[in-house]
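Note on naming: letters A, B, ... go to the chains in the order of the sequence lines (proteins, then strands), and numbering restarts at 1 for each one. A quick note: this is a predicted structure, and the numbers were derived from the prediction, not measured.
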Amino acid sequence: MTARPNIDMSLKQWTAVCALDDIMPDSGVCALVGGRQVAVFRVSGDQVYALANHDPFSKANVMSRGIVGDLKGERVVASPVYKQHFSLATGQCLEDSTVKLETFAVRVNNNIIEVEA
Amino acid sequence: MSTQKIVVIGNGMVGQRFLEQLTGRMGSDQVEITVFCEEPRAAYDRVQLTSFFAGKSAIDLSVVPDRFFEEKAITLRLNDPVIAIDREKKTVSSARYRDVPYDKLVLATGSYPFVPPIPGHNRRGCYVYRSIEDLEVIRAAAKKSRIGTVIGGGLLGLEAAKALKDLGLDTHVVEFAPRLMAVQLDEAGGKLLQRKIEALGVTVHTSKSTKEIVDGEKHPHRMVFADGGALETDLIVYSAGIRPHDALARAAKITVGERGGIGIDEYCRTSDPDIYAIGECALWNGRIFGLVAPGYQMAEIAARHVAGDESLRFDGADMSTKLKLMGVDVASLGDAMGKTPGALDYLYTNPVQGIYKKLVVSGDGKQLLGAILVGDAAEYNGLLQMALNAIPLPEHPEDMILPVREGGAAKGLGVDMLPANALICSCNSVSKGAICDAVTAGCTTVGALKTATKAGSTCGGCSPMVKQILDAELRKQGVEVKNHLCEHFPWSRQELFHLVRVGGLKTFGDLLAKHGSGHGCDICKPAVASILASCWNEYVLKPKHAPLQDTNDRFLANMQKDGTYSIVPRVPGGEITPEKLIVLGAVAKKYRLYTKITGGQRIDLFGARVEQLPLIWRELVDAGFESGHAYGKALRTVKSCVGSTWCRYGVQDSVGMAIQLENRYRGLRSPHKLKMGVSGCTRECAEAQGKDVGIIATEKGWNLYVCGNGGIKPRHADLLATGIDDATLVKYIDRFLMFYIRTGDRLQRTSTWLDNLEGGIDYVKQVVCEDSLGIGAELEADMQKLVDTYECEWKNAINDPESLKRFRHFVNSDAPDPNIVFVAERGQIRPAREDEKETEKEEATA
């Protein structure tokens with residue numbers, strides 16, 4: 001049996017994933033960060049968000065392909081499969097209070113997007 | 001408790017209604033029902049009989065719900081007339097069965113056409129107009145004829161005249177009375193109707209009494225009139241009134257009226273309490289009721305009585321009628337002739353537009369007694385309600401029939417004034433109260449009300465009033481009647497379409513800034529993208545539009561449950577060369593795709609990962625394939641049968657037409673997906689009547705059907721036009737589609753759009769075929785612009801480096817998504833289930 005890498009949550013690192021301009025405003029991409037799939041969204045005003053790319057309802061890795069918008073002032077992304085909405089800021093599912101996507105720290109550094117994971 | 005044996009004689013519209021009413025009240029454990037019918041088919045809509053000539057089939061006209069007789073365990077004996085009733089033994093005998101016992105017997109034998117006993121009346125080439133069989137005989141005879149004459153200028157006579165005209169005959173109507181529709185219309189109304197009908201090419205002869213029919217000189221028949229005149233004709237159709245079918249009752253010594261008709265009491269019982277009579281064979285208080293609505297009332301009353309419910313009694317029926325005769329609106333209600341002593345008339349005539357309206361009011365000017373409307377019958381429902389419910393006349397009754405000028409007050413009767421028991425749908429006996437109850441119970445659309453109450457589901461005449469009641473009730477409940485797209489746009493899709501078009505707005509941002517708020521959502525973004533595409537036809541992957549699209553439109557493919565995509569190249573009309581078939585096979589094999597034939601005559605390739613899409617499409621485009629738009633709310637396919645090129649029965653080239661239409665409308669964005677079908681003959685192998693746009697070839701040209709649907713709620717398409725040529729067909733489809741695209745709601749298929757459209761198919765006909773809104777040319781021009789600017793989205797995508805950047809799973813790696821796993825099944829791939837993926841992972845790490 002091969003040894004699995006020991007993931008220490010305290011050893012998070014900032015990883016550069018792409019340029020800000022690689023993401024069209026009001027859309028998302030999926031980045032591979034430390035072996036994990038992270039959906040990175042850019043909204044108008046150049047703010048960025050990062051969530052798990054895994055859609056807990058369809059179990060497909062597709063969150064980055066959802067439509068970005070807002071509902072009652074909250075910035076959300078809609079799952080492209082069954083259309084549930086998730087808060088971009090907190091990952092909370094608006095239709096089901098028991099479901100939440102993992103969120104990741106994200107920043108723009110010299111026009112380069114970096115995700116901490 | 002033993003079961004009651006019920007025998008019903010006759011399966012016309014009224015007999016069928018009785019069965020529905022009875023089985024709705026008593027289960028098959030309580031009643032054992034046997035139905036005898038002398039016609040070879042179960043109940044059909046005799047009121048719409050003329051539409052049989054306008055292209056409807058016998059199946060279209062059926063009023064029997066699917067599998068009705070099987071599900072209700074009713075024995076139906078078609079083509080088997082009852083020949084005798086034995087009241088002592090309580091049995092009936094038919095042509096094929098002897099002594100069938102009954103506990104209760106229901107006579108729904110209807111009526112037969114009256115043929116005046118003039119010399120020569122039964123010559124060859126003389127017909128009656130009553131059943132589908134009659135129509136088939138007339139249709140066959142018409143092929144060898146040029147002139148057709150109807151004897152009788154009443155309601156049915158004019159229907160028959162329309163039928164002859166539809167068959168292409170030079171048509172004459174011969175009426176004994178001095179005017180047409182003498183029962184319903186007065187002198188002025190009858191004359192106006194005559195003028196309008198003559199303008200349509202029918203020759204009307206009034207005050208003509210036919211003395212005899214003899215051999216003609218130029219045509220087979222010569223009708224000799226009492227005034228010395230004569231008319232030569234090839235065929236004659238009698239439509240001079242009906243007589244009740246009461247021979248069986250007469251022979252069984254059941255009381256019949258002096259001039260015919262089986263006498264009934266308030267529960268529709270005949271002189272034998274175990275025998276009922278309903279519909280046109282029944283005589284109540286010395287009157288026969290020759291309309292379907294009173295027949296339906298009798299059916300319900302008799303069914304209730306058999307089930308032991310005496311709460312409903314028959315006490316006469318309103319004989320008011322509204323109909324469209326050869327496109328002319330005619331209505332007559334209440335005391336239309338002003339026979340009430342002291343009655344006064346209000347009159348309005350407009351000889352230029354061909355409108356005549358008369359109100360008959362009581363001598364004191366307080367009550368509406370009756371009315372006649374010719375040329376424009378829009379006020380019929382309101383006036384009828386006012387007369388039936390004795391609602392006091394307004395201060396200026398004439399306002400109710402005078403045209404409304406711009407800025408003038410709305411006329412007519414507010415639905416709030418109607419009492420709860422006001423009968424709104426007379427075809428199905430639905431009161432205002434029943435409609436209000438259904439709204440309270442949660443119906444919020446006209447379509448839902450139709451399903452729940454049946455109101456407006458037969459002739460549709462009451463639909464506008466049903467809509468008014470719905471809106472009024474919803475307002476009362478505090479429900480704001482609005483159809484805002486979503487929280488970002490306080491507009492309906494139709495309104496947004498208008499704003500985009502008129503304002504020349506080209507982007508979502510512009511529209512949001514001008515007419516919306518917030519940032520948009522997954523409801524409004526794709527809807528606006530679709531509107532922009534319908535208006536300006538810009539490439540959907542342009543950067544400014546891409547974030548608006550649902551993932552399917554954004555990646556130009558259909559996302560499946562595991563995040564992979566399926567690919568459907570266009571195969572216009574379902575016609576494909578062997579070379580192209582081989583390409584599809586080779587590509588599927590190379591990329592290990594699952595292949596399946598679709599219902600729309602194309603081939604679907606499943607299991608493509610997002611990064612494979614451009615590679616696959618590069619090969620498909622190189623082989624001459626185009627996007628099939630299976631991912632868009634757009635035209636999908638035009639299905640066709642093989643048509644006259646190969647088929648022994650085809651009368652036109654359905655494949656050629658399907659390809660022409662598919663190439664014309666490919667890529668057209670609309671409120672929801674669109675499907676079409678073209679059949680090469682009436683055998684309808686392309687199932688065109690289940691499509692949004694269906695075309696069926698006839699010897700005389702194309703018949704165009706619209707708003708059909710399969711899916712959750714199957715709906716047979718409605719006939720829009722008959723016998724049209726290629727150019728007219730394209731013109732009508734252009735107009736129909738653009739009208740739907742402009743006015744449809746988000747994700748509203750044409751079938752629900754039509755169900756909720758005030759005025760229904762008649763309104764669509766007016767807009768599309770008669771150009772009543774004067775926008776025909778504009779709709780055609782809009783469509784032509786879209787046709788001229790069509791581009792294959794995939795051809796664009798694979799040649800645009802910017803667009804191609806999107807087609808990878810990771811922005812920072814070329815690796816595929818490791819979560820996509822396939823297993824083998826029946827020689828192809830399928831997505832692995834979660835448990836299968838677990839097994840795989842364990843094996844990989846073991």
Side-chain angles (χ1 to χ4, degrees), chain A residues 1-4 15-19 21-33 35-45 53-55 57-85 88 94 112-113 115, chain B residues 486-488 508-509 512 517-526 529 541-555 557-565 609-610 802-803 805-820 831-834 837 842 844-846:
Chain A
M1 191 176 153
T2 47
R4 293 188 190 202
T15 307
V17 295
C18 64
D21 292 339
D22 286 337
I23 313 180
M24 265 189 285
D26 284 316
S27 73
V29 298
C30 174
L32 188 60
V33 186
R36 316 217 24 212
Q37 296 201 17
V38 179
V40 183
F41 298 96
R42 172 186 180 188
V43 303
S44 44
N53 192 42
H54 187 72
D55 173 3
F57 293 98
S58 67
K59 309 207 186 310
N61 293 329
V62 292
M63 287 312 301
S64 66
R65 298 178 213 164
I67 292 182
V68 174
D70 69 337
L71 286 180
K72 299 197 172 70
E74 173 109 37
R75 294 277 192 171
V76 295
V77 58
S79 156
V81 185
Y82 298 120
K83 316 294 176 195
Q84 292 89 353
H85 299 90
L88 287 179
L94 271 53
I112 298 294
I113 297 176
V115 174
Chain B
C486 66
E487 66 176 68
H488 305 100
F508 179 79
L512 191 69
S517 62
H519 301 281
C521 65
D522 55 311
I523 303 289
C524 60
K525 283 183 170 181
L541 287 192
K542 273 197 178 177
K544 62 184 177 187
H545 299 319
L548 303 178
Q549 314 289 354
D550 241 327
T551 188
N552 286 353
D553 254 319
R554 198 160 154 216
F555 292 95
N558 294 48
M559 187 190 267
Q560 302 301 324
K561 60 194 283 189
D562 64 343
T564 63
Y565 291 86
R609 296 192 310 270
V610 66
E802 265 308 301
S803 297
K805 273 168 74 179
R806 189 170 315 135
F807 291 93
R808 56 197 303 207
H809 186 71
F810 295 111
V811 69
N812 56 348
S813 162
D814 288 331
D817 178 4
N819 189 39
I820 294 173
R833 294 189 304 267
E834 286 307 302
K837 283 187 196 172
E842 276 163 23
T845 52

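Looking at T15(A), there are no atoms closer than 4.5 Å to chain B (heavy atoms on both sides), in backbone or side chain. Contact annotation for L548(B): only backbone heavy atoms (N, CA, C, O) come within less than 4.5 Å of a heavy atom of chain A. Residue D562(B) touches chain A through its backbone alone, counting heavy-atom pairs closer than 4.5 Å. Only the side chain of N53(A) comes within contact range of chain B, with heavy atoms under 4.5 Å apart. Using a 4.5 Å cut-off between heavy atoms, V17(A) touches chain B through backbone and side chain atoms alike.
Counting only distance, with no hydrogens or angles, the side chain of K59(A) and the backbone of R833(B) share no donor-acceptor pair below 3.5 Å. Of the possible polar contacts, one joining the N812(B) side chain to the L32(A) backbone as a donor-acceptor pair under 3.5 Å is found. At least one donor-acceptor pair under 3.5 Å links the side chain of R65(A) to the backbone N or O of G563(B). A donor-acceptor pair is defined here as one N or O able to donate and one able to accept, closer than 3.5 Å; no such pair exists between the side chain of D26(A) and the backbone of H519(B).
Atoms NZ and SG, on K805(B) and C18(A) in that order, are 9.5 Å from each other to the nearest 0.5 Å. Annotation: the span from R554(B) atom CZ to S27(A) atom OG amounts to 5.0 Å, rounded to 0.5 Å. Rounding to the nearest 0.5 Å gives a distance of 16.0 Å between CZ of F57(A) and NZ of K561(B).
When C524(B), G518(B), P547(B), G509(B) are compared by the number of non-hydrogen pairs under 4.5 Å with chain A, P547(B) comes out ahead. Contact count versus chain B (heavy atoms, under 4.5 Å) is highest, among H54(A), R75(A), K83(A), for R75(A). The residue among S44(A), G73(A), G69(A), A16(A) with the most heavy atom pairs within less than 4.5 Å of chain B is G69(A).
Two residues are said to be in side-chain contact when any heavy atoms from C-beta on lie closer than 4.5 Å; L71(A) and C521(B) meet this criterion. Contact annotation: the side chain of H488(B) approaches that of D70(A) to within less than 4.5 Å [non-hydrogen atoms, C-beta and beyond]. At least one side-chain heavy atom of P818(B) sits under 4.5 Å from a side-chain heavy atom of Q37(A).
Between P80(A) and T551(B), the shortest heavy-atom contact is CB-CG2, 3.6 Å. When all heavy atoms of D522(B) and I67(A) are compared, the closest pair comes out as CA-CG2, 3.8 Å.
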